[in-house]
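Computed from a predicted model, the values in this text were never measured in an experiment. For this chain, numbers begin at 1 and follow the sequence in order.
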Amino acid sequence: MDSSSHMASLPEDIITDEHLQQQTQPASASAFASVPQRPPTKSSSEKYAPLDWSVYFDKEDDVAIPESNDVFHVYTAGTEGPVVFCLHGGGYSGLSFAVSASKIKEKARVVAMDLRGHGKSLTEDDLDLSVETMCNDVLAVIKELYSDSPPAIILVGHSCIILLTIIGKKLLHHQSMGGSIAVHVAARRSLSALAGLVVVDVVEGTAMASLIHMQKILSSRMQHFSSIEKAIEWSVRGGSLRNIDSARVSIPATLKYDHSKKCYLYRTELEKTEQYWKGWYEGLSDKFLSCPVPKLLLLAGTDRLDRSLTIGQMQGKFQMVVVRHTGHAIQEDVPDEFATLIVNFISRNRIGPHGIEIPGLRKPAFSKP
């Protein structure tokens, strides 16, 4: 699409080349005009060009749920080992795990699902982001993929935190959807093949405190983009993602083209799901601690543990790793480190393709609910 042909009809807050480059324009007249300029670098459109999912995942599939019109999109990688089943944060998609999946698949299988109302998944009610509904979605997809004989599954859930400055005041905004759903699915104890739980940046206390700011922050985001390249560029320059390659593969799936406005908008209308937000967070820490499997909490360094998690950590109920020099999309910003942490978690807890491998036993054993 030629974005320039639509610029006259775009909203005022749309991102443009002029907007991004106005601080880098050379002076029109200068005593140094004869100094040779730097060699040309990649143009903005090349640097932020979308990358296809197939660069990182092996396959994509649509999983139709029986007796409904719900179809969930999944990306898969790897052929051996336990399954690392990835659940993204609010507003993201399964491609949030693309770059890290290409590393994890050397030691384990990876399944990354587009949750309801996100990515390429299509459901009867895309705005029903309640904990109950999305837990049922995850369990239904796992059942369709593996029937009654699922391999060992490590649930990985991502919470995203958006930091924005509005009139000089910094605001933290949590969208801990994926992390919350992973915890709630594990706490149900209905997934017999569950062998591990990993959550990224989910701390109940911090999340609950951010609720009053969520609508303001969602409405303060850049809302319209003249092209996919501009959206990718904005996500990197704005600081929500720090890894260009990851942004190039993950951001396109978070957008949809609006023909009436002639621009790209966010695919997921999170601002219309407010009634479910509190349910994502409430009681999350205690539920996490109650899950009867090995647990890993990954933090980007800014969250403080709430009281329940502090006591749980002191009692050795879970492993915690603070990942430095990253934003809050750890799996996107530092995919190599994230992949290493996941693989080490699997190895440390002796999770094989069929469950926890206990020395001396021929058949691995799952933890009993």
Side-chain angles (χ1 to χ4, degrees), residues 84-94 96-97 100 110-119 129-135 137-139 153-163 172-188 191 194 196-211 214 240 250 268 270 273 276-291 293-306 308-309 312-313 317-323 326-334 338 341-342 345:
V84 178
F85 199 96
C86 302
L87 306 176
H88 59 81
Y92 287 66
S93 81
S96 178
F97 294 93
S100 55
V110 181
V111 177
M113 170 183 172
D114 285 346
L115 291 167
R116 174 179 294 257
H118 292 74
L129 301 188
S130 65
V131 165
E132 181 76 14
T133 296
M134 289 198 293
C135 284
D137 291 343
V138 171
L139 292 170
I153 292 175
I154 299 99
L155 281 177
V156 178
H158 172 226
S159 138
C160 63
I161 306 176
I162 303 170
L163 177 62
L172 271 178
H173 161 54
H174 273 253
Q175 283 290 0
S176 68
M177 192 181 73
S180 171
I181 301 311
V183 170
H184 279 85
V185 169
R188 280 191 182 186
L191 184 58
L194 185 65
L197 173 65
V198 180
V199 292
V200 183
D201 264 334
V202 179
V203 175
E204 178 187 343
T206 310
M208 290 296 285
S210 75
L211 278 175
M214 287 173 74
S240 60
S250 70
T268 306
L270 288 172
T273 65
Y276 306 117
W277 296 348
K278 191 174 180 181
W280 296 349
Y281 308 129
E282 227 167 20
L284 200 56
S285 294
D286 288 336
K287 279 188 170 62
F288 174 71
L289 293 171
S290 75
C291 298
V293 292
K295 296 175 284 292
L296 171 62
L297 174 62
L298 299 179
L299 296 178
T302 58
D303 274 1
R304 295 180 179 178
L305 297 183
D306 55 31
S308 294
L309 290 180
Q313 191 200 14
K317 291 186 177 180
F318 64 93
Q319 178 190 359
M320 185 183 80
V321 176
V322 177
V323 182
T326 178
H328 292 280
I330 296 173
Q331 76 280 7
E332 297 211 45
D333 292 344
V334 285
F338 178 80
L341 288 167
I342 297 297
F345 174 76

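In this structure, the side chain of K278 does not engage the main chain of Y276 through any donor-acceptor pair within 3.5 Å. With hydrogens and angles disregarded, no donor-acceptor distance shorter than 3.5 Å links the side chain of T326 to the backbone of A300. Side chain of S93 to main chain of G119: no donor-acceptor pair is present (N/O by atom type, distance under 3.5 Å, no hydrogens or angles).
Residues M134 and L87 fail the side-chain proximity criterion, which asks for heavy atoms closer than 4.5 Å. Between S290 and D286, every side-chain heavy-atom pair lies at or beyond the 4.5 Å cut-off. Here the side chains of L115 and L129 are not in contact, with every heavy-atom distance at 4.5 Å or above. Two residues are said to be in side-chain contact when any heavy atoms from C-beta on lie closer than 4.5 Å; M113 and H88 fail this criterion.
Ion pair K287/E282 not flagged as a salt bridge, since none of the NZ, NE, NH1 or NH2 atoms sits closer than 4.0 Å to an Asp/Glu carboxylate oxygen.
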**Message:** With side chain to side chain contact (heavy atoms under 4.5 Å, CB included) as the criterion, how do F85 and V185 come out once you've worked through the C-alpha distance, each side chain's angles and the decisive distance to 0.1 Å?
**Reply:** CA-CA 12 Å; F85 199 96; V185 169; over 6 Å; no
**Prompt:** Should F345 and L341 be marked as a side chain to side chain contact (heavy atoms under 4.5 Å, CB included) after you check the CA-CA gap, both sets of side-chain angles, and the distance that decides it?
**Reply:** CA-CA 6 Å; F345 174 76; L341 288 167; over 6 Å; no
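Distance check: F288 CZ to L284 CG gives 9.0 Å after rounding to the nearest 0.5 Å.
Ring geometry, F338 versus F97: the interplanar angle falls from 30° to 60°, so the pair is classed tilted. The aromatic rings of Y92 and H158 lie perpendicular to each other, with more than 60° between the two planes, well past the 30° mark.
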